[in-house]
Every structure is written in C-alpha cells, then in structure tokens.
Amino acid sequence: MQQNRSDVALVTKAAAITTPTHGGRAKCLQRLVRLDLPIPRTVALSFEMVHKLASGELSDISDILSTFEEEDLLCVRPSSESPDWGGPGAVLNVGMNDENYRKLRSSLGEQAAAKIYFRFVQGYSVHVARLDPEIFDHIEGQGKSALDEALTAYEDETEGPFPQEKSIQLGEVLRSMARVWEGTTARLLRQAKGAPVDAGLGLIVQKMAFGIGRGECGAGVLQLVNSDTGFPQITGRYRRQSQWRDALSTSQGTLFLKRDARGLSLEEACPEIFKTLKKHAELMRLRLREEMQIEFTIEDGTLHILDGVKVARRPRAAVRIAVFLAEHGIISKKEALMRVDPLALGGLLHRQIAYNAPRDVVGTGIAASPGAATGQIVFTAEAALACKAKEEPCILVRRETSPEDVRGMHAANAVLTERGGMTSHAAVIGRGMGLPCIVGASTIRFQTRRKQLVAADGRVFEQGDIITIDGTNGEVLSGKAEMVEASLDETFQTLMAWAEDACDIEIRANADTTADAQTARNFGARGIGLCRTEHMFFEADRMTLMQEMIFAKSRDEREAVLDRLLPMQRNDFIELFRIMEGSPVCIRLFDPPLHEFLPSDRDGLRDLAEALDLPLSDVIRRVDGMSEYNPMLGLRGVRLGITVPEIYEMQTRAIFEATIAASRENNVVVPEIMIPLVSAKREVELVKSRIDVVAAQARTKSAISFDYRLGVMVETPRAALRANEIALHSAFLSFGTNDLTQMTYGLSRDDAGRFMGTYVKQKVFPEDPFHTLDTEGVGELLMLGAERARRSDPDIVMSICGEHGGSPESIAFCRKNKFDYVSCSPFRVPVARLAAAQLAISDQKN
Ligand code: PEP
Ligand code: MG
C-alpha cells in the first residue's frame, strides 16, 4: 500500500489526514498517535474513497488489507466531519471465520473464540446483510453452541453460507456503511443536526485489540469529568471479557474505575493500568484542549487506546467544562465562550424536568416561557391565589389570559392557555416573570366552564388534578415529574462576565416591575429597553382605580382618579431608577386598549358595578361600547394618548417627579420616554409638545433641571416607511417587532397558535415569525426604517424591543445593521449576551 496516498491513509504522525477530508475521528486518532498513545494500527479512508465505495466504483480493497497482518481481525467505525452528525454503527471482529475460530480457540480458549465470532456474525447480519436482529433473540449465551445457532440462523435467512473470505467481509462492511450514509434517512437526520447536504463520511479500519481472552482482558471507557455536572470526577466503567463499549450497556459484572466502596474497581484490580490510563486521559485533555472520553481495551494485561471522543455533556456541565478549561489555561476565554450553546444556556436559568425522567405527555402547545413546574390544575386567578395562600403549587389554566389574570399568574407556578402565540399576553408576562408557560395548546380540549381539560387520548383532568408544564419544549404531562434546579453558580457568572467583555452590542431588558428590574440587573442587563407601564396597573387596588378612570364621565373626574394613580406611578419609577443605578430606563407610555382592564364575564361585571356603585346595566352598556372587533388595532397606544391626553400627562408627570426624586439621591437620571403604536409624524409632534409642557412645569415647580429623551416605538409598517420624518422628533427608535410582525403578516399575535404548527410543518413559514424574526419581510421593514431614519439623523439610536430581541438570529441581524442595543425579557439577557459575544468573536476571527 502507498502510505502517502491520502484516500487510504495509515494513521501515522505525518500522514495527510484532515477533518474535512477524513473526518473528525480520523483526525483525533492521528492526534492520539502524535501523543504516542498505544493506538492499534489504524487506516483512515477519505470521504472521496467512501463516496466511491457507495457508488460501487471500487471493488478492490487490497490496499487496505495489505496494511494489516494476515491474522489481524479488524474493526470499522464511521468518521464524519462533526461527531454530532452521527454515522453508521461500528462493526467489530471483521475477518473472523471458521479457520480463525480454530486458531483463536487454541490461543484464547473456546469460550473466547466463540464469543468473538458470534459477535461478528451478529454485527454482519444486522449491519451488512440487513437481517432482522430478532433472528438471534432465541439464542442464549455466546459460547460455541450459540455461535452454531447464529451461523445457522444466518444461513437460513440468506440461503447461503456465512462469508469466509476476509476481503469479501471487509468490502461488504465498508460498502454497506458507505451506502447507509448516503441513504435518504441518514441524510435527513444529519441535515436536521445542521450538516450540509453533501457532508462526507470517512471510515476507520483498525486492528482489533481483544478484550476477550486469556489473562486480564476487557474493555471500558474513562473520562475525567461528570457529564451531568461538569465537575472533575473519574467516570466510566470497565468490564472484563468484553469488547468496545459493552461496559456501558449493563451494570452487571462491570468494575468501577476508581476505588469504590460499592464494589471492585480497575484501580484495585490493575493499579498500574489504571494509573497509565489516567495519565493518558490527562494528556488528552491538555493537548486536545477538550474533555475527552477514552475508549480502551486491555488485552492480556496490555492497555490499548482505541479512540477518544468528546465527552457528552448536559448544558450545566458544558458551562463548567468550558470555564474550567479556560481557567486552567488550556483554552482562551473566547474559545470557552464559543463552546457553550446560548440556547442551551437558557435552560440553566430555570427549573427543568430531569433529562431522563419518564414523561406521560397528554398534550402539546407553543413553548412560550421556559422552565417546568408541577401543580394542581386551577381554572381561575382566584383559585390560584387560594392555592398560594395554602402554599399549594398550582397551574393556572385559561383559554387566554388578560390583565385580570396577572395576579393569578403571580400566584401560580406555571400557566397553560388554549389560545395565543409567542407574543400573546400569557407568553409575554410569563417570560418576564420567569414563569413556565405553554400557550396555544390546541391538542387539548379546554372545557373551562366544566373545569375540565380533555386530552387527545380522551383522558379527563379535573380541577385539583396534578399536571406538569414543560415550558421549554411545550409538553403538558400528567402527574409529577422529576426536576433539576436552576444552576446559576460561580462558573455561570464567570462565563457571563467574559461574554460581557466580548460583546459589542448592548443588551437591555424588557422589565415592567421592580422584580423584573432586579432580575434584569442580576443578569447584568445594561438598562431597561422597554418598561410596559400598563403592567404596573395590574395590582388589585390599581386595577380598580384604572376602572374608575375609564368610567369617569368628565375630564375633571378622570383627572381626579389619575391624581390618585400618579404617586403610585411615581414610586414605581423611583424604584426602577434606583435599581438601575443610572443605567438607561426606557419607559413606554400607556399602550393597550382600555377595555383590556375591564372584566369580560358576568361575575366580574357584577363586581365592577359594585365597586363603582353603578347599576349593572350601565356597566354592561359601557363595556360593550368599548369593546372592539379587533382589539389589537383600535383605540390603543398613541391614539389613546391623543384622544385621552390626561393619561400620558399623568405618566410623564410621574416620570419627571421620579427623575427629580432620584436626582436628589445623587443618581443622574435621564429618563427615556417612548411613544407606542405611532404611524404618523403629527402624533409625535402632538405628544411631544404636551410632554414638553409637563417637563417645564416640573422643572419650575422643583427648581431642578433635568433632561429627557423622547423616542418612538416603530411597530406599524407606516412608521417604518415614514421613519425619515418621525426621526426628526425622536432621540431614538425602538422597533416593536411583535406588533410589526403582526401587522406585516396581517396575522393576529393572539390567534397565531391555532395554525402556526401546521404552517411551520408544511413549510409555509420556515419558523414561527413571532418566535424567530422574519429577516426577509419584517427585516426589510427594519432595514428600510433604519436607513430612512439615519438619513434624517445619522446618530439616531436604534434598537429592537420585541420578544425577538433575545434570540441569536435577531442579534445577528441587529449587529449587521448597526443597531445600538436589543432589549429582551430579563431571563433571556444571558442567552442574548452569550449569542452577541459569539457573533463578535466570529467576526474578529474572520
Ligand atoms: C412590540 O409590539 O414589539 C412590543 C414590544 O410591544 P408589546 O408587545 O407590548 O405590544
Ligand atoms: Mg407593541
């Protein structure tokens, strides 16, 4: 064989082997050879060679066989470019036949020889001859009689003898593995894991080290960290008289690696081998700059290293491993940042269902707010409050939520709604609070009057029954599930600090309450990018005042109620300024239609009539008069600000008074005030002139000077189109991508859940546009708006504050278009920060 031919390359220190031509496993084995580890003789077949094998172009494999001794048995394993893309299963003991059986019987003993042959017959039958694995089910043991039965089973099924020629065996194994890789199923599977359509496969042919035979024989795996926690811990198993990774498939007869009170260990049985193995693992960690799992075999007391694979790890372990490797000087901080998946990081911020816990799934919906919780079903906010009083965990189940339910959401441990999408009320509030939430659970029938949920399989859940909500993947489970707690330890904080240093776009948080602001601060948000002030009116006492204000018959009457709300708002803002310690706080003036603060059911209407001391009929008439056919596109946002100016006046007065109060405490506060739902320049002019008057009054009254910045929320397509003139009156523009998506698609954000699953499945939309920013359509409006606004004011501050703000794709979009910051729910701040850091690092590399 020509060893410099890279199609069939003997794995030596100098061989021309690269990951893009021979795959990750081949490259890794070469690195291990360079470390002088005891690797059995190995040949790496290139992607090109394997492709030729698959298309039947190559039949001569003598080049490969000539590298090995006549009597060598071989093992074949896949080597794709990325280990995550998978590949066909390994086939062991290639070359085993009747003659070799006889030879091995005299050298290793009958039992060992039979076991080795049996394994090959089984592997060949299933992987190459494609026989049903069940044909071996009746066979007991792996001795001589088992071998005879296996050979007979093969011959019966194929109506031919088991191949005895090594070259034929190897040729068939290689061809079969090559073809499997090119098959449609494997192609789709790996594409789903991010592999390119034409990803290649390399193959490894390695001399077998026998873990079966005389003396100390066996096989196992070892790694230096715990895959669940990422903490240093020698983990793995060793099994005598076994091959490959058998030690992991059963706990019976396996040995611990390190000395262990529970049973015999390799450290005790073979102390020298254990010591060497550990040394090899440490060397691999250092030189391969990664936590590796070693696959090893002991053959008659001699240690062989067959392979090294990247240690599989849970997200919390991924963070620790990356941070520890960087702290030990093995990788750089930037590399550590690149090694953690931002989306997986999101899982660490919440309680989650344990990875291997059994799941009795009774329905699914949109995973609107991550984390998991178990509790009894309640159908009303009042019942949730009652549970909270008794300290009983509960899940609030509603058709959809409205401001009336917010108190119930605070009391509940999770929320489940029948309707809604990623940006509907329950989803937005849930994410802000860090409350697990599933919306649009259309596979379940909600019979809220009968206080029942009916699952697709007919199971009925009553009020009080226990369910579990998995807001991370949208599954509703019957009963309790085992949980793992959130993990925000020191290594997490370290990684976040490194991300902050690498980040070149600001990450702010959408925070409406002091609790949200505190969370945002704890996660290191650089400010508040959106404070939805209406959420401050959800407290019970404020809600009643709001309702009184809505029912006021005259401007005077309305102002009287607003005067009572003003000190409450002022205190809210003082608290926010205090928590944010001088970082920017962007306060959005009142946005929703007023009817959202009014009850919709009869009981609520009666309570309201009682609270306002009005006849029920009056209340019903007024509520009916206010309800809109499409509640998202009527009298709300700036339209309300212009037609009922007292509300904005009260809010801006509260903001300025809070600014003055905060300035007295030595915090320089420059509040940002944002006008929602703008579609015309004149709206901004009108609101601005009124705010200027309120500011002047506040300055005169307090004799304290302050500045403020006025901005516009661009969330109607017209505002984006007319951004050039709107920019003239604005210090900043913040794109509200929730409403902008809704209006660009003409698709109600509250009803999207009903068909979104079908739409995504049928590829009408590549993703839910309320979840992943539609960079083509909505994105074009953003770019167009930004470009037109910059034409009027090149320095205008630009951001997005819709729910998309935290996702890696939108951050990439914002960085590319030179936006100044993104704002997202507080719990997404770490995810956004890591994603932004990774994008900045990748840009530097390129
Ligand atoms: C938006 O529309 O993108 C937004 C942030 O505002 P809201 O979700 O409150 O409508
Ligand atoms: Mg909006």
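Atoms within a ligand are numbered from 1 in the order they appear, just like the ligands themselves.
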Side-chain donor-acceptor pair present, Ser792, Asn724, cut-off under 3.5 Å: no
Qualifying residue for side chain to side chain contact (heavy atoms under 4.5 Å, CB included) with Ile726, from Leu721, Ile796, Val714, Val712: Val712
Given Met549, Met568, Gln569, Met543, the one that forms side chain to side chain contact (heavy atoms under 4.5 Å, CB included) with Phe537: Gln569
Every pair of nitrogen or oxygen atoms between ligand 1 and the protein that is under 3.5 angstrom apart - can you list them with their distances to 0.1 Å?
unit_1	atom_1	unit_2	atom_2	d
ligand 1	2 (O)	Glu715	OE1	2.9
ligand 1	2 (O)	Asp739	N	2.9
ligand 1	2 (O)	Asp739	OD2	3.1
ligand 1	3 (O)	Gly736	O	3.2
ligand 1	3 (O)	Thr737	N	3.0
ligand 1	3 (O)	Asn738	N	2.7
ligand 1	3 (O)	Asn738	ND2	3.4
ligand 1	6 (O)	Arg588	NH1	2.9
ligand 1	8 (O)	Arg532	NH2	2.7
ligand 1	8 (O)	Asn738	ND2	2.9
ligand 1	8 (O)	Arg749	NH2	2.7
ligand 1	9 (O)	Arg532	NE	2.7
ligand 1	9 (O)	Arg532	NH2	3.4
ligand 1	9 (O)	Arg588	NH1	3.0
ligand 1	9 (O)	Arg588	NH2	3.0
ligand 1	10 (O)	Asp739	OD2	3.0
ligand 1	10 (O)	Arg749	NH1	3.0
ligand 1	10 (O)	Arg749	NH2	3.4

Between Glu400 and His425: side-chain donor-acceptor atoms closer than 3.5 Å: no
Check against side chain to side chain contact (heavy atoms under 4.5 Å, CB included), Leu349 and Phe523: CA-CA 10 Å; Leu349 313 178; Phe523 284 144; 4.3 Å; yes
Residue and atom names of protein N/O/S atoms that fall under 2.8 Å from the Mg ion (ligand 2): Glu715 OE1, Asp739 OD2
Within 45° cone of Tyr648 ring axis and under 6.0 Å: Arg690 NZ or CZ: no
Salt bridge (charged side-chain N to carboxylate O under 4.0 Å, His left out) partners of residues 769-785, not counting sequence neighbours, each pair once: none
Tyr821 and Phe732 aromatic centres sub-6.0 Å: no
Set of salt bridge (charged side-chain N to carboxylate O under 4.0 Å, His left out) partners for Arg639, sequence neighbours left out: none
